[in-house]
Amino acid sequence: WSHEIKPFENLVHTQVVALVRDQRFLQLSKGSWVYATNPLESGEHHRYFLTLNSNSQSIVYKEFTKKPSRGSHAPNLDKDGTYIEFKNIIGIESENLNPDLTDNGLINIQSERMDVNKIEVILSNKVFEFYTHTKQLKNIWVDGLRILVADSKKDVKGKDANNSEAIKTS
């Protein structure tokens, strides 16, 4: 019986992966306001606006001294944003920075709304880091970048294989 259900399980798995990929792509395309410095530390905190660039082969960001008011539009970063191409990304790491309040004998009133995570985008020559303030935002960027970076590297390998086949046959 389990042998007969295996193709169905594979189909469902493939569709779920495609759904998550599409969902993360849309979320990253809208862009996000994130912190440039750790919001748990005192001091003034600058923000980055991060988004996918128009060809979806890199992320683009720009630092701002403050986040604009709610009614304003997302900034256009095509002209003056900093680009990080997926082909240059070696890895994506995240670390939860919330203090551990589990066994100190005090009542825990920590809000679920403030869940600070440091995200590192590891490049061959540097590390770009930013901070998210919700678990959902962390998952969007970590999962989304991992999926898109892996997909872009598969595309490059596929093109290289096709080019080498064309050279062999000519």
Side-chain angles (χ1 to χ4, degrees), residues 1-40 47-64 67-68 70 72-78 81-98 100 110-162:
W1 180 252
S2 66
H3 174 68
E4 293 168 1
I5 201 146
K6 193 69 171 163
F8 175 72
E9 288 175 347
N10 291 340
L11 175 67
V12 170
H13 173 76
T14 303
Q15 290 179 345
V16 168
V17 169
L19 173 69
V20 170
R21 177 181 294 111
D22 293 345
Q23 180 185 37
R24 294 297 189 234
F25 174 79
L26 288 173
Q27 291 166 325
L28 295 179
S29 296
K30 289 192 303 186
S32 305
W33 287 98
V34 297
Y35 289 92
T37 57
N38 185 347
L40 296 175
R47 300 284 195 116
Y48 289 129
F49 185 77
L50 260 71
T51 188
L52 290 180
N53 76 331
S54 54
N55 73 2
S56 303
Q57 292 301 305
S58 60
I59 56 174
V60 60
Y61 68 94
K62 183 176 178 183
E63 187 169 347
F64 294 85
K67 182 179 172 181
R70 268 191 180 226
S72 60
H73 296 286
N76 182 358
L77 305 181
D78 286 337
T82 303
Y83 289 80
I84 299 175
E85 293 189 34
F86 292 156
K87 68 181 181 181
N88 297 329
I89 297 175
I90 296 171
I92 294 119
E93 300 293 329
S94 68
E95 175 186 359
N96 188 298
L97 300 178
N98 294 308
D100 184 16
Q110 180 180 3
S111 170
E112 285 294 318
R113 296 180 353 174
M114 189 69 163
D115 187 8
V116 178
N117 288 275
K118 177 169 93 171
I119 298 175
E120 295 179 332
V121 178
I122 304 164
L123 307 166
S124 55
N125 59 348
K126 68 177 182 172
V127 175
F128 171 67
E129 61 184 38
F130 60 93
Y131 300 81
T132 59
H133 65 285
T134 65
K135 188 174 185 174
Q136 179 184 14
L137 198 53
K138 181 216 45 142
N139 290 338
I140 289 169
W141 280 99
V142 171
D143 295 346
L145 284 177
R146 285 179 178 162
I147 290 168
L148 292 174
V149 167
D151 285 353
S152 74
K153 292 186 180 195
K154 278 189 234 173
D155 289 346
V156 169
K157 287 179 184 176
K159 287 177 186 174
D160 289 345
N162 290 340

So, using ring-ring contact (aromatic ring centres under 6.0 Å, His included) as the criterion, who are the partners of Tyr61 when residues are at least two apart?
Tyr48, Phe128
Which residues satisfy the side chain to side chain donor-acceptor pair (under 3.5 Å) test with [X], sequence neighbours excluded?
X: Glu63; result: His46
X: Asn125; result: none
X: Thr37; result: His45
X: Ser58; result: Asn53

Heavy-atom pair with the smallest gap, counting every atom of [X] and [Y]:
X: Gly31; Y: Phe49; result: CA-CZ, 3.7 Å
X: Leu52; Y: Ser29; result: CD1-OG, 3.6 Å
X: Phe86; Y: Ser56; result: CE1-O, 3.3 Å

Using side chain to side chain contact (heavy atoms under 4.5 Å, CB included) as the criterion, point out the one residue from Asn88, Ile59, Val121, Ile89 that pairs with Val149.
Ile89
Mind checking what makes salt bridge (charged side-chain N to carboxylate O under 4.0 Å, His left out) contact with [X], not counting sequence neighbours?
X: Glu93; value: none
X: Glu120; value: Lys118
X: Lys62; value: Asp80

Identify all side-chain donor-acceptor contacts of residues 139-147 below 3.5 Å with residues at least two apart in sequence or on another chain.
{"from": "Asn139", "atom 1": "ND2", "to": "Lys135", "atom 2": "O", "distance (Å)": "3.4"}
{"from": "Trp141", "atom 1": "NE1", "to": "Ser32", "atom 2": "OG", "distance (Å)": "3.0"}
{"from": "Asp143", "atom 1": "OD2", "to": "Arg24", "atom 2": "NH2", "distance (Å)": "3.3"}
{"from": "Arg146", "atom 1": "NE", "to": "Ile92", "atom 2": "O", "distance (Å)": "3.3"}
{"from": "Arg146", "atom 1": "NH2", "to": "Ile92", "atom 2": "O", "distance (Å)": "2.7"}

Selection residues 9-21 - residue pairs positive for side-chain hydrogen bond (donor to acceptor under 3.5 Å, both in side chains), sequence neighbours left out:
Arg21-Asp151
